[in-house]
2 protein chains.
Amino acid sequence: MDNLDRGIIDLLRQNARAGYGDIGQEIGLSASAVKRRVDRLTADGVIRSFTVQVDPAVDGLHTEAYVEIFCRGTVAPDELLRILADVPEVIDAGTVTGSADAIVHMRSRDIPSLEAALERVRRAPHVDHTRSAIVLSRLISRAVD
Amino acid sequence: MDNLDRGIIDLLRQNARAGYGDIGQEIGLSASAVKRRVDRLTADGVIRSFTVQVDPAVDGLHTEAYVEIFCRGTVAPDELLRILADVPEVIDAGTVTGSADAIVHMRSRDIPSLEAALERVRRAPHVDHTRSAIVLSRLISRAVD
DNA sequence: GCGGCCATGGACAACCTCGACCGCGGCATT
DNA sequence: AATGCCGCGGTCGAGGTTGTCCATGGCCGC
């Protein structure tokens, strides 16, 4: 993981379909050297996946919420992960400091489907209650993963 | 925007470097038809960009937090946007229902730099106070934008 | 029915990918 | 210093992919 790798990743972030030759020309490497490095970065898990950013409105995913999860007793992160992994509406989630056990970012088609997804989380074992904040207007969306 | 387009986007989400021929075989279209549709989707802004998902730990961005922002009086979303756009640690943010005015997802190198970024937000005009939940362990990270 | 419109599939040249092979430089061992 | 090893980059060529062209066929309004 050197400056060359970082340069390759920067370029791929801008355009993941860029040719190896083009990338190489940019950072001063041959096409095959670039491919080798990209393969290595992918195998090592540095590059998790090649993907596309799609306009969320097109998916009809207008409705978002941040949900705090409060559990009964102590719950291992693995437990929470198993619950949340089954809910596709969950975009990102993590256990947190503070009174809540976890915060979950959800995105859904509309309020009813968001409510349905929320209900699935609420019904999970150990989950005591949740506290939702529905997103009114998205201000910033810079997330890359 | 039909089922074919949706199929193409689904496949590209899984692997943005997939060949047009492969995609076509999957959804029942020729390579050229697929390319045309991808070009159109890109031109129309449905596909915003082709990108890579990189392990955040590699960037040294280990530290995350969800921050609720409470303002004095009423603040227009534009105002909040201007404040938050200047803070690169902000990954995503939105105004929300509930007692907080906005929720902000931040990612930073370490606690001190997170604190510094938080301080910039707190000092902004109209911001009364904030409430932070630092992420202990990331459970899910499916966000694509 | 007819013409225009649009999307598809096929064909082909240009281009890119990807694996094999080779050379170079650093490093440890002898 | 010489040797062998290892990682890394360059070059090359076969095979696959891309991107453009054109002909075809469905669909709609006239």
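Chain letters run A, B, ... following the sequence lines, proteins first, then strands; residues in each count from 1.
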**Q.** Atom CZ of A/R109 with >12 non-hydrogen neighbours under 6.0 angstrom
**A.**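 No, the 6.0 Å shell around CZ holds no more than 12 heavy atoms from other groups.
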
Can you measure [X] atom [atom1] to [N] atom [atom2] for me and round it to whole angstrom units?
{"X": "A/Y20", "N": "D/dC8", "atom1": "OH", "atom2": "P", "value": "17 Å"}
{"X": "B/N15", "N": "D/dT17", "atom1": "CG", "atom2": "P", "value": "13 Å"}
{"X": "A/F50", "N": "C/dT17", "atom1": "CZ", "atom2": "P", "value": "11 Å"}
{"X": "A/D22", "N": "C/dT17", "atom1": "CG", "atom2": "C1'", "value": "12 Å"}
{"X": "B/N3", "N": "C/dA7", "atom1": "CG", "atom2": "C1'", "value": "16 Å"}
{"X": "B/I23", "N": "D/dG19", "atom1": "CD1", "atom2": "P", "value": "12 Å"}
{"X": "A/Q25", "N": "C/dC15", "atom1": "CD", "atom2": "P", "value": "13 Å"}
{"X": "A/L29", "N": "D/dC8", "atom1": "CG", "atom2": "C1'", "value": "9 Å"}

Q.
I want to confirm an ordering. Mapping B/R17 and A/V34 to their closest nucleotides on DNA chain D, which one lands closer to the 5' end?
A.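 Residue closer to the 5' terminus by nearest nucleotide: A/V34.
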
Distance-only donor-acceptor test, [X] side-chain atoms vs [N] base atoms, 3.5 Å:
{"X": "B/S32", "N": "C/dG10", "value": "yes"}
{"X": "A/R37", "N": "D/dG9", "value": "no"}
{"X": "B/R36", "N": "D/dG19", "value": "no"}

Q. Quick one: are B/L12 and A/F50 in side-chain contact, heavy atoms under 4.5 Å?
A.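 No. Closest side-chain heavy atoms not under 4.5 Å.
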
Q: Could you check B/V87, B/I91, B/L84 and say which one makes a side-chain contact (heavy atoms from CB on, under 4.5 Å) with B/M106?
A: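 Result: among B/V87, B/I91, B/L84, B/V87 is the only option passing the side-chain contact (heavy atoms from CB on, under 4.5 Å) with B/M106.
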
Q) Between A/G19 and B/S30, which has a closest nucleotide on DNA chain C that is more 5'? A)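 That would be B/S30.
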
Q. Does the B/R17 side chain pair with the main chain of A/A16, one donor and one acceptor, at a distance under 3.5 Å?
A.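 Judged by distance alone, yes, a pair lies under 3.5 Å.
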
**Q.** For B/R122, salt bridge (charged side-chain N to carboxylate O under 4.0 Å, His left out) partners two or more places apart
**A.**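 With neighbours one apart ignored, the set is B/E119.
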
Q.
Counting only side-chain nitrogens and oxygens, does A/K35 get under 4.0 Å of the OP1 or OP2 atom of D/dG9?
A.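 No, outside the criterion.
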
